[in-house]
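When reading the values below, keep in mind they use all heavy atoms of this one structure, side chains included, and skip hydrogens, waters and symmetry mates. In what follows, every chain begins at residue 1, and chains take the letters A, B, ... in the order their sequences are listed.
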Protein chains: 2
Amino acid sequence: MRMSEGVEWAMHTCLNLTWLPTGQAVPAAKLAAFYRLPAAYLNKQLQALARAGVVSSTPGPRGGFQLARTPEKITLLDIVVAIEGPEEAFRCDELLKRGPGADPKTDYRQACLVSRAMRRADLAWRRELAGQTLADLKADVEQEYPASPGNTVNRFTALRA
Amino acid sequence: MRMSEGVEWAMHTCLNLTWLPTGQAVPAAKLAAFYRLPAAYLNKQLQALARAGVVSSTPGPRGGFQLARTPEKITLLDIVVAIEGPEEAFRCDELLKRGPGADPKTDYRQACLVSRAMRRADLAWRRELAGQTLADLKADVEQEYPASPGNTVNRFTALRA
DNA sequence: GACACTCTACTCGGATAGTGATTGTCCGAGTCAGAAAGG
DNA sequence: CCTTTCTGACTCGGACAATCACTATCCGAGTAGAGTGTC
């Protein structure tokens, strides 16, 4: 049950975007160069974020990606779901359908208590992720590492040269 | 981030074991036949459960698997960890090590606030799973589906023929 | 009749292929910016 | 000098391989029990 590494990339990239001036698109190549990541593959993750409505993309010169909403309205769950997809971690193949006394009409995803217990855990996980916005994360970083935002912006302007 | 289907198999198999007489080993072939699963592959999952100390295995005739402890002392987290491994879902590759101003001596798994936020969610998930024991699940099933335990035992004795 | 030995059948256990998702890369469609030409 | 057109480079977007984990299977090591021969 390993999460895609794209989630980590997307998290840090979205966080970086919160510090860059709004209304200005940043191309995937520069976002990738920041962490020396393969640009084409990061682009793929950014596409997923764009499809999910987390970032907006503009093609052409001076184009790139930017946050589609204010950081207050982007939760960590939004980012994870954009990359990993909406389906829950536990996969219920309705094993009970193959057991004795199975009713083909029953939806065992709802009836099976194992499935329900796993879903409870899944919801707890999602609740925790949905409770933190990108703005919260940004504020935490600014408090704990005050130099970080400045360094980030400087590095990006340097890449702009 | 799809969980292995072995988790579902392990959950239902362990639950079935709670209803069968204690002190009596059940071979993997019978546990598999209950849900018409591939016996060799379920055996693999049971091996993982045995390595984790959730079930105990005895070879030879009249051998098989049985719960290693009472259901009260087996949490759902124990089963999930046995199959999926102990590492957390979010994979922190310490991206910040590749960013500007990175300190090679810093453990970014602890310092990175993204990593910490994801770990919080992971812990919430684990807490929920650790809060439910196999005995709880068994009791819930017996209350909601009183016929289920009897059906299970009957089916197993039928397979014994 | 009891005991010891052998032999067989049964079980787990790890080593071994097959398959699908994830990872990584590439090139084409579309678009904006800037230069150049004309008024 | 301003406007319009054209060109060109830049960007995303989806289509195309490579790699890895998961899925599935098989056969060998070990064991308990039944059967047989002996005392």
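- For the pair A:D103 and A:K97, the minimum side-chain heavy-atom distance is 4.5 Å or more.
- Here the P atom of nucleotide C:dT22 and the CD1 atom of A:I83 are 12 Å apart, to the nearest Å.
- Across residues 38-51 of chain A, A:N43, A:K44, A:Q47, A:R51 each have a non-hydrogen atom less than 4.0 Å from an atom of DNA chain D (numbered order).
- Cluster annotation: A:M118 and B:L123 are assigned to distinct hydrophobic clusters (Ile/Leu/Val/Met/Phe/Trp/Tyr, side-chain heavy-atom contacts under 4.5 Å, transitive).
- The residue among A:M3 and A:R62 whose nearest nucleotide of DNA chain C is located toward the 5' end is A:M3.
- For A:D93 (side chain) and B:E5 (main-chain N/O), no donor-acceptor pair under 3.5 Å exists by modelled atom type.
- Looking at B:E94 and B:R109, a side-chain N of the basic residue comes within less than 4.0 Å of a carboxylate O on the acidic one, giving a salt bridge.
- The shortest distance between the side-chain N/O atoms of B:S4 and the OP1/OP2 oxygens of D:dT23 is below 4.0 Å.
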Show me, pair by pair, the donor-acceptor contacts under 3.5 angstrom made by side chains of residues 74-85 of chain B, not counting sequence neighbours?
unit_1: B:T75; atom_1: OG1; unit_2: B:L77; atom_2: N; d: 3.4
unit_1: B:T75; atom_1: OG1; unit_2: B:D78; atom_2: N; d: 3.1
unit_1: B:T75; atom_1: OG1; unit_2: B:D78; atom_2: OD1; d: 3.4
unit_1: B:T75; atom_1: OG1; unit_2: B:D78; atom_2: OD2; d: 3.1
unit_1: B:D78; atom_1: OD2; unit_2: B:T75; atom_2: N; d: 2.9
unit_1: B:E84; atom_1: OE1; unit_2: A:M1; atom_2: N; d: 2.5
unit_1: B:E84; atom_1: OE2; unit_2: B:S4; atom_2: N; d: 2.7

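- In this model, the phosphate group of C:dG13 is approached by a side-chain N or O of B:S57 to a distance below 4.0 Å at OP1 or OP2.
- Rounded to whole Å, the distance from CD on A:E8 to C1' on C:dT23 is 15 Å.
- DNA chain C lies under 4.0 Å from no heavy atom of any residue of residues 85-94 of chain A.
- Contact annotation for A:A29: no contact, since no heavy-atom pair falls under 4.0 Å across all strands.
- In the set D:dA32, D:dC10, D:dA21, the nucleotide with an atom closest to the side chain of A:R2 is D:dA21.
- The pair B:R116-A:E144 counts as a salt bridge, with a side-chain nitrogen and a carboxylate oxygen less than 4.0 angstrom apart.
- For the residue pair A:E128 / B:W125, no side-chain donor-acceptor distance below 3.5 Å is found, with atom types taken as modelled.
- Under the 6.0 Å cut-off for aromatic ring centres, B:W9 and B:Y41 qualify, their centroids lying closer than that.
- Looking at B:L20, B:L17, B:N151 one by one, the single match for side-chain contact (heavy atoms from CB on, under 4.5 Å) with B:F156 turns out to be B:L20.
- Distance B:M1 CE to D:dA21 P: 18 Å, rounded to the nearest Å.
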